[in-house]
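Single-structure report; data block below.
Every chain is numbered from 1, with letters handed out A, B, ... down the list of sequences. If you're wondering where the values come from, they're calculated on a predicted model, not measured in any experiment.
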Protein chains: 2
Amino acid sequence: MEQLDETDKKLLRLLQEDAKLTTKELAAQLGLTLSPIYERIKRLEGLGFIKQYVAVLDKNLLGQPITAFCQVSMRYHDKAFIDKFEEEIKKLEEVQECYHMAGQVDFLLKIHVSSLDGYHNFVKYKLSEIENIGVLNSTFVLKEIKHNLGYVIH
Amino acid sequence: MEQLDETDKKLLRLLQEDAKLTTKELAAQLGLTLSPIYERIKRLEGLGFIKQYVAVLDKNLLGQPITAFCQVSMRYHDKAFIDKFEEEIKKLEEVQECYHMAGQVDFLLKIHVSSLDGYHNFVKYKLSEIENIGVLNSTFVLKEIKHNLGYVIH
DNA sequence: ACTGAAAGTTAAGATGT
DNA sequence: ACATCTTAACTTTCAGT
(Lines give C-alpha, C1' and ligand atoms only; values in the text may rest on other atoms or scores of the structure.)
Protein backbone atom coordinates (compact mmCIF):
# COMPACT_ATOMS: atom_id res chain seq x y z
CA MET A 1 0.00 0.00 0.00
CA GLU A 2 2.82 2.39 0.67
CA GLN A 3 4.09 1.89 -2.80
CA LEU A 4 1.52 4.57 -3.61
CA ASP A 5 2.09 8.30 -3.41
CA GLU A 6 -0.62 10.96 -3.48
CA THR A 7 -0.54 11.14 -7.29
CA ASP A 8 -1.09 7.40 -7.60
CA LYS A 9 -4.03 7.58 -5.24
CA LYS A 10 -5.64 10.46 -7.10
CA LEU A 11 -5.13 8.56 -10.32
CA LEU A 12 -6.85 5.47 -8.92
CA ARG A 13 -9.73 7.54 -7.55
CA LEU A 14 -10.27 9.11 -10.96
CA LEU A 15 -9.98 5.87 -12.92
CA GLN A 16 -12.41 3.93 -10.74
CA GLU A 17 -14.94 6.69 -11.41
CA ASP A 18 -14.30 6.94 -15.14
CA ALA A 19 -11.95 4.59 -16.93
CA LYS A 20 -12.40 6.48 -20.20
CA LEU A 21 -10.51 9.55 -19.03
CA THR A 22 -7.64 10.07 -21.44
CA THR A 23 -4.04 10.38 -20.34
CA LYS A 24 -4.29 13.99 -21.44
CA GLU A 25 -7.27 14.73 -19.19
CA LEU A 26 -5.67 12.90 -16.26
CA ALA A 27 -2.42 14.79 -16.78
CA ALA A 28 -4.28 18.10 -16.73
CA GLN A 29 -6.11 17.24 -13.51
CA LEU A 30 -2.95 16.06 -11.77
CA GLY A 31 -0.72 18.86 -13.03
CA LEU A 32 1.69 16.63 -14.94
CA THR A 33 2.51 15.77 -18.53
CA LEU A 34 1.45 12.68 -20.41
CA SER A 35 4.38 10.36 -19.84
CA PRO A 36 4.45 10.14 -16.04
CA ILE A 37 0.69 9.49 -16.06
CA TYR A 38 1.09 6.83 -18.70
CA GLU A 39 3.91 5.16 -16.81
CA ARG A 40 2.09 5.31 -13.48
CA ILE A 41 -0.99 3.66 -14.97
CA LYS A 42 1.13 0.88 -16.48
CA ARG A 43 2.84 0.43 -13.12
CA LEU A 44 -0.47 0.29 -11.22
CA GLU A 45 -1.73 -2.27 -13.73
CA GLY A 46 1.44 -4.31 -13.41
CA LEU A 47 1.38 -4.30 -9.61
CA GLY A 48 -2.24 -5.45 -9.68
CA PHE A 49 -3.82 -2.36 -8.13
CA ILE A 50 -5.86 -2.04 -11.32
CA LYS A 51 -7.27 -5.49 -12.05
CA GLN A 52 -9.37 -4.76 -15.11
CA TYR A 53 -11.50 -2.23 -16.92
CA VAL A 54 -15.19 -2.94 -17.30
CA ALA A 55 -18.35 -1.41 -18.69
CA VAL A 56 -21.05 -1.12 -16.02
CA LEU A 57 -24.44 -2.14 -17.38
CA ASP A 58 -27.99 -1.43 -16.22
CA LYS A 59 -29.51 -4.58 -14.75
CA ASN A 60 -33.05 -3.27 -14.98
CA LEU A 61 -32.73 -2.53 -18.68
CA LEU A 62 -31.20 -5.98 -19.10
CA GLY A 63 -34.37 -7.44 -17.62
CA GLN A 64 -33.08 -8.54 -14.21
CA PRO A 65 -34.77 -6.23 -11.72
CA ILE A 66 -34.96 -8.70 -8.83
CA THR A 67 -32.05 -8.98 -6.40
CA ALA A 68 -32.17 -11.48 -3.55
CA PHE A 69 -29.80 -12.47 -0.80
CA CYS A 70 -29.86 -16.12 0.10
CA GLN A 71 -28.35 -17.52 3.27
CA VAL A 72 -27.33 -21.15 3.08
CA SER A 73 -26.21 -23.47 5.85
CA MET A 74 -24.72 -26.86 5.19
CA ARG A 75 -25.94 -30.01 6.86
CA TYR A 76 -22.46 -31.50 7.19
CA HIS A 77 -19.23 -29.55 7.13
CA ASP A 78 -16.79 -32.05 5.64
CA LYS A 79 -14.31 -30.46 3.27
CA ALA A 80 -15.56 -32.59 0.38
CA PHE A 81 -19.13 -31.28 0.79
CA ILE A 82 -18.00 -27.70 1.07
CA ASP A 83 -15.83 -28.01 -2.02
CA LYS A 84 -18.68 -29.57 -3.95
CA PHE A 85 -21.07 -26.80 -2.96
CA GLU A 86 -18.62 -24.12 -4.05
CA GLU A 87 -18.08 -25.88 -7.37
CA GLU A 88 -21.78 -26.08 -8.09
CA ILE A 89 -22.45 -22.48 -7.06
CA LYS A 90 -19.84 -21.24 -9.50
CA LYS A 91 -21.77 -22.87 -12.33
CA LEU A 92 -25.08 -21.15 -11.55
CA GLU A 93 -25.51 -18.06 -13.67
CA GLU A 94 -28.09 -16.50 -11.32
CA VAL A 95 -25.48 -16.31 -8.55
CA GLN A 96 -23.75 -12.98 -8.85
CA GLU A 97 -21.75 -13.28 -5.64
CA CYS A 98 -21.06 -16.01 -3.10
CA TYR A 99 -19.21 -15.67 0.19
CA HIS A 100 -18.16 -18.21 2.78
CA MET A 101 -19.17 -16.55 6.03
CA ALA A 102 -18.32 -16.74 9.71
CA GLY A 103 -21.23 -17.53 12.02
CA GLN A 104 -24.28 -19.79 11.88
CA VAL A 105 -24.84 -19.21 8.18
CA ASP A 106 -22.19 -20.85 5.99
CA PHE A 107 -22.74 -19.05 2.69
CA LEU A 108 -24.28 -15.79 1.60
CA LEU A 109 -25.41 -15.58 -2.02
CA LYS A 110 -26.44 -12.56 -4.03
CA ILE A 111 -28.88 -13.58 -6.73
CA HIS A 112 -30.11 -11.73 -9.83
CA VAL A 113 -33.25 -12.88 -11.59
CA SER A 114 -35.87 -11.47 -13.92
CA SER A 115 -38.89 -12.17 -11.70
CA LEU A 116 -40.06 -13.80 -8.50
CA ASP A 117 -41.07 -16.75 -10.61
CA GLY A 118 -37.52 -16.90 -11.86
CA TYR A 119 -36.31 -16.97 -8.27
CA HIS A 120 -38.68 -19.80 -7.50
CA ASN A 121 -37.29 -21.78 -10.40
CA PHE A 122 -33.74 -21.01 -9.35
CA VAL A 123 -34.30 -22.34 -5.83
CA LYS A 124 -36.40 -25.32 -6.85
CA TYR A 125 -34.48 -26.58 -9.86
CA LYS A 126 -30.93 -25.35 -9.30
CA LEU A 127 -30.01 -24.41 -5.75
CA SER A 128 -31.85 -27.15 -3.89
CA GLU A 129 -30.48 -29.69 -6.36
CA ILE A 130 -27.10 -29.25 -4.68
CA GLU A 131 -26.73 -31.87 -1.98
CA ASN A 132 -26.05 -31.23 1.69
CA ILE A 133 -27.93 -27.95 2.00
CA GLY A 134 -29.46 -27.73 5.47
CA VAL A 135 -31.10 -24.35 6.02
CA LEU A 136 -31.97 -21.93 3.23
CA ASN A 137 -33.24 -18.42 3.89
CA SER A 138 -34.05 -15.84 1.19
CA THR A 139 -34.66 -12.12 1.46
CA PHE A 140 -35.39 -9.67 -1.34
CA VAL A 141 -34.05 -6.23 -2.06
CA LEU A 142 -36.85 -3.65 -2.00
CA LYS A 143 -34.64 -0.69 -2.77
CA GLU A 144 -30.97 -0.09 -3.43
CA ILE A 145 -30.01 2.74 -1.10
CA LYS A 146 -26.30 2.87 -1.90
CA HIS A 147 -23.97 0.98 -4.19
CA ASN A 148 -20.41 2.26 -4.45
CA LEU A 149 -18.52 0.79 -7.36
CA GLY A 150 -15.09 1.94 -6.22
CA TYR A 151 -13.26 1.84 -2.92
CA VAL A 152 -12.32 4.63 -0.56
CA ILE A 153 -8.58 5.19 -0.96
CA HIS A 154 -6.85 6.67 2.05
CA MET B 1 -34.80 -5.17 -23.63
CA GLU B 2 -35.92 -6.09 -27.08
CA GLN B 3 -34.27 -3.07 -28.50
CA LEU B 4 -31.23 -5.34 -28.48
CA ASP B 5 -30.27 -7.74 -31.25
CA GLU B 6 -27.70 -10.53 -30.95
CA THR B 7 -24.86 -8.22 -31.99
CA ASP B 8 -25.74 -5.71 -29.26
CA LYS B 9 -25.81 -8.48 -26.68
CA LYS B 10 -22.44 -9.86 -27.73
CA LEU B 11 -21.05 -6.34 -27.62
CA LEU B 12 -22.31 -5.80 -24.07
CA ARG B 13 -20.95 -9.18 -22.97
CA LEU B 14 -17.53 -8.28 -24.32
CA LEU B 15 -17.45 -4.76 -22.92
CA GLN B 16 -18.47 -5.76 -19.40
CA GLU B 17 -15.52 -8.18 -19.44
CA ASP B 18 -13.03 -5.73 -20.90
CA ALA B 19 -13.88 -2.12 -21.55
CA LYS B 20 -10.48 -1.53 -23.16
CA LEU B 21 -11.24 -3.61 -26.23
CA THR B 22 -10.81 -1.36 -29.25
CA THR B 23 -13.49 -0.86 -31.84
CA LYS B 24 -11.20 -2.70 -34.19
CA GLU B 25 -10.96 -5.77 -31.93
CA LEU B 26 -14.70 -5.75 -31.32
CA ALA B 27 -15.39 -5.44 -35.02
CA ALA B 28 -13.15 -8.42 -35.73
CA GLN B 29 -14.88 -10.58 -33.10
CA LEU B 30 -18.35 -9.64 -34.31
CA GLY B 31 -17.58 -9.88 -38.00
CA LEU B 32 -18.30 -6.27 -38.83
CA THR B 33 -16.38 -3.12 -39.66
CA LEU B 34 -15.57 -0.24 -37.36
CA SER B 35 -18.46 2.14 -37.91
CA PRO B 36 -21.43 -0.07 -37.02
CA ILE B 37 -19.65 -1.12 -33.83
CA TYR B 38 -18.90 2.48 -33.00
CA GLU B 39 -22.50 3.54 -33.57
CA ARG B 40 -23.93 0.63 -31.62
CA ILE B 41 -21.77 1.47 -28.61
CA LYS B 42 -22.88 5.11 -28.74
CA ARG B 43 -26.48 3.95 -28.97
CA LEU B 44 -26.11 1.58 -26.00
CA GLU B 45 -24.55 4.38 -23.99
CA GLY B 46 -27.29 6.78 -24.96
CA LEU B 47 -30.07 4.35 -24.06
CA GLY B 48 -28.46 3.76 -20.66
CA PHE B 49 -27.55 0.09 -21.14
CA ILE B 50 -23.94 1.11 -20.56
CA LYS B 51 -23.94 3.35 -17.48
CA GLN B 52 -20.24 3.99 -17.10
CA TYR B 53 -16.75 2.62 -17.56
CA VAL B 54 -14.68 1.92 -14.45
CA ALA B 55 -11.31 0.59 -13.42
CA VAL B 56 -11.67 -2.33 -11.02
CA LEU B 57 -9.17 -2.07 -8.17
CA ASP B 58 -7.78 -4.64 -5.74
CA LYS B 59 -9.23 -4.06 -2.29
CA ASN B 60 -6.57 -6.14 -0.55
CA LEU B 61 -3.73 -4.13 -2.09
CA LEU B 62 -5.62 -0.98 -1.12
CA GLY B 63 -5.50 -2.17 2.47
CA GLN B 64 -9.13 -3.11 2.98
CA PRO B 65 -9.14 -6.91 3.30
CA ILE B 66 -12.09 -7.19 5.68
CA THR B 67 -15.61 -7.46 4.26
CA ALA B 68 -18.58 -7.65 6.59
CA PHE B 69 -22.32 -7.86 6.09
CA CYS B 70 -24.35 -6.04 8.67
CA GLN B 71 -28.06 -6.55 9.17
CA VAL B 72 -29.88 -3.62 10.70
CA SER B 73 -33.43 -3.43 12.00
CA MET B 74 -35.10 -0.17 12.93
CA ARG B 75 -36.84 0.38 16.23
CA TYR B 76 -39.61 2.48 14.70
CA HIS B 77 -40.63 2.47 11.07
CA ASP B 78 -41.83 6.02 10.55
CA LYS B 79 -40.88 7.44 7.17
CA ALA B 80 -38.88 10.22 8.82
CA PHE B 81 -36.67 7.72 10.67
CA ILE B 82 -36.13 5.60 7.59
CA ASP B 83 -35.20 8.63 5.51
CA LYS B 84 -32.78 9.82 8.18
CA PHE B 85 -31.11 6.42 8.37
CA GLU B 86 -30.65 6.26 4.60
CA GLU B 87 -29.20 9.77 4.58
CA GLU B 88 -26.67 8.95 7.26
CA ILE B 89 -25.67 5.64 5.69
CA LYS B 90 -24.86 7.38 2.42
CA LYS B 91 -22.33 9.53 4.24
CA LEU B 92 -20.41 6.62 5.76
CA GLU B 93 -17.42 5.74 3.61
CA GLU B 94 -17.10 2.22 5.05
CA VAL B 95 -20.53 1.33 3.63
CA GLN B 96 -19.99 -0.03 0.14
CA GLU B 97 -23.59 -1.14 -0.39
CA CYS B 98 -26.88 -0.68 1.42
CA TYR B 99 -30.20 -2.31 0.59
CA HIS B 100 -33.66 -1.87 2.03
CA MET B 101 -34.85 -5.44 2.44
CA ALA B 102 -38.10 -7.34 2.75
CA GLY B 103 -38.48 -9.40 5.93
CA GLN B 104 -37.53 -8.99 9.57
CA VAL B 105 -34.28 -7.23 8.79
CA ASP B 106 -34.78 -3.72 7.41
CA PHE B 107 -31.36 -3.00 5.89
CA LEU B 108 -28.45 -5.07 4.70
CA LEU B 109 -25.08 -3.32 4.59
CA LYS B 110 -21.86 -4.43 2.95
CA ILE B 111 -18.90 -2.96 4.80
CA HIS B 112 -15.24 -2.68 3.82
CA VAL B 113 -12.64 -1.99 6.48
CA SER B 114 -8.92 -2.44 6.97
CA SER B 115 -9.14 -4.55 10.13
CA LEU B 116 -11.45 -5.97 12.76
CA ASP B 117 -10.47 -3.06 14.92
CA GLY B 118 -11.58 -0.77 12.13
CA TYR B 119 -14.92 -2.55 12.09
CA HIS B 120 -15.26 -2.10 15.82
CA ASN B 121 -14.67 1.63 15.42
CA PHE B 122 -17.12 1.80 12.54
CA VAL B 123 -19.90 0.21 14.60
CA LYS B 124 -19.13 2.05 17.81
CA TYR B 125 -18.48 5.56 16.54
CA LYS B 126 -20.39 5.74 13.27
CA LEU B 127 -23.15 3.19 12.78
CA SER B 128 -24.54 3.11 16.31
CA GLU B 129 -24.48 6.91 16.38
CA ILE B 130 -27.43 6.82 13.99
CA GLU B 131 -30.63 6.98 15.99
CA ASN B 132 -33.45 4.47 15.93
CA ILE B 133 -31.36 1.37 15.26
CA GLY B 134 -32.97 -1.58 17.02
CA VAL B 135 -31.16 -4.81 16.18
CA LEU B 136 -27.70 -4.98 14.64
CA ASN B 137 -26.14 -8.22 13.48
CA SER B 138 -22.70 -8.52 11.83
CA THR B 139 -21.13 -11.41 9.94
CA PHE B 140 -17.73 -11.52 8.28
CA VAL B 141 -16.63 -12.84 4.93
CA LEU B 142 -14.11 -15.65 5.37
CA LYS B 143 -13.64 -16.29 1.66
CA GLU B 144 -14.98 -14.87 -1.56
CA ILE B 145 -16.14 -17.87 -3.56
CA LYS B 146 -17.58 -16.02 -6.53
CA HIS B 147 -17.95 -12.40 -7.55
CA ASN B 148 -19.27 -11.72 -11.04
CA LEU B 149 -18.75 -8.15 -12.15
CA GLY B 150 -21.04 -8.35 -15.14
CA TYR B 151 -24.54 -9.67 -15.69
CA VAL B 152 -25.75 -12.67 -17.62
CA ILE B 153 -27.33 -11.35 -20.81
CA HIS B 154 -29.98 -13.57 -22.37
C1' DA C 1 -27.64 -0.82 -41.46
C1' DC C 2 -23.25 -1.58 -43.25
C1' DT C 3 -18.66 -0.43 -46.00
C1' DG C 4 -14.68 2.24 -46.73
C1' DA C 5 -11.93 6.03 -46.32
C1' DA C 6 -10.44 10.53 -44.41
C1' DA C 7 -9.38 13.63 -40.53
C1' DG C 8 -8.56 14.39 -35.82
C1' DT C 9 -6.79 12.43 -31.15
C1' DT C 10 -4.63 9.52 -28.40
C1' DA C 11 -1.49 5.88 -27.00
C1' DA C 12 3.03 4.13 -26.83
C1' DG C 13 7.75 4.46 -26.96
C1' DA C 14 12.27 6.59 -27.38
C1' DT C 15 15.38 10.32 -25.92
C1' DG C 16 16.96 13.68 -22.88
C1' DT C 17 16.92 16.51 -18.28
C1' DA D 1 10.73 10.84 -11.82
C1' DC D 2 9.30 14.07 -15.27
C1' DA D 3 9.28 16.83 -20.02
C1' DT D 4 9.42 16.65 -25.02
C1' DC D 5 8.96 14.64 -29.44
C1' DT D 6 7.70 11.02 -32.87
C1' DT D 7 4.83 7.63 -35.07
C1' DA D 8 1.73 4.08 -35.00
C1' DA D 9 -2.87 3.11 -33.64
C1' DC D 10 -7.23 4.37 -32.54
C1' DT D 11 -11.53 7.23 -32.51
C1' DT D 12 -14.80 9.78 -34.90
C1' DT D 13 -17.15 11.41 -38.85
C1' DC D 14 -19.00 11.24 -43.41
C1' DA D 15 -19.91 10.07 -48.28
C1' DG D 16 -21.51 6.07 -50.64
C1' DT D 17 -24.01 1.43 -51.20
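Of all heavy-atom pairs between A:R13 and A:H154, the closest is NH2-C, 4.3 Å.
Residues from residues 18-27 of chain A placing a heavy atom under 4.0 Å of any atom in DNA chain C, listed by number, are A:T22, A:T23, A:K24. Near DNA chain D, meaning a heavy atom under 4.0 Å away, the residues from residues 33-42 of chain A are A:T33, A:S35, A:P36, A:R40.
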Let me see the working for A:E97 and B:K110 under salt bridge (charged side-chain N to carboxylate O under 4.0 Å, His left out), right down to the final yes or no.
CA-CA 12 Å; A:E97 302 173 32; B:K110 188 182 191 177; 3.1 Å; yes
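Alongside A:F81, the hydrophobic cluster contains A:Y76 (criterion: ILVMFWY side chains under 4.5 Å).
No donor-acceptor pair under 3.5 Å is formed between the side chain of A:T23 and the backbone N or O of A:I37. Looking only at distances, no side-chain donor or acceptor of B:D78 sits under 3.5 Å from a matching main-chain atom of B:A80.
Note on residues 48-58 of chain B: pairs passing side-chain hydrogen bond (donor to acceptor under 3.5 Å, both in side chains), not counting sequence neighbours, are B:E45-B:Y53. Each ring-ring contact (aromatic ring centres under 6.0 Å, His included) pair with one or both residues in residues 82-115 of chain B, not counting sequence neighbours, appears once here: A:F69-B:Y99, A:Y151-B:H112, B:F85-B:F107, B:H100-B:F107. Sorted by first and then second residue, the side-chain hydrogen bond (donor to acceptor under 3.5 Å, both in side chains) pairs with a member in residues 25-39 of chain B read B:T22-B:E25; sequence neighbours excluded.
Taking 4.5 Å as the limit, some side-chain heavy atom of B:I89 sits within range of a side-chain heavy atom of B:L109. Side-chain contact between A:T67 and A:I111 is absent, with no heavy atoms from C-beta onward closer than 4.5 Å.
Both A:I130 and A:M74 belong to a common hydrophobic cluster when Ile, Leu, Val, Met, Phe, Trp and Tyr are linked at side-chain heavy-atom distances under 4.5 angstrom.
In this structure, B:E87 does not pair ionically with B:K84, as no charged nitrogen and carboxylate oxygen lie closer than 4.0 Å.
Each end of the helix from C:dA1-D:dT17 to C:dT17-D:dA1 gets its own axis, taken as the rotation carrying the C1' atoms of four end pairs onto the next four within a five-pair window, and the two axes meet at 20° to the nearest 10 degrees.
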Donor-acceptor list for residues 134-142 of chain B side chains, cut-off 3.5 Å, not counting sequence neighbours:
residue: B:S138; atom: OG; partner: B:Y119; partner atom: OH; Å: 2.6

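Nucleotides of DNA chain D lying under 4.0 Å from heavy atoms of chain B occupy a range whose first and last members, 5' to 3', are D:dC10 to D:dC14. The span of DNA chain C lying next to chain A, judged by atoms under 4.0 Å from heavy atoms, is bounded 5' to 3' by C:dT10 to C:dG13.
For B:D8, the salt bridge (Lys or Arg N to Asp or Glu O under 4.0 Å) criterion is met by B:R40, B:R43, not counting sequence neighbours. Legend: residues meeting side-chain contact (heavy atoms from CB on, under 4.5 Å) with A:R75, ordered by chain and number and at least two apart, are A:N132.
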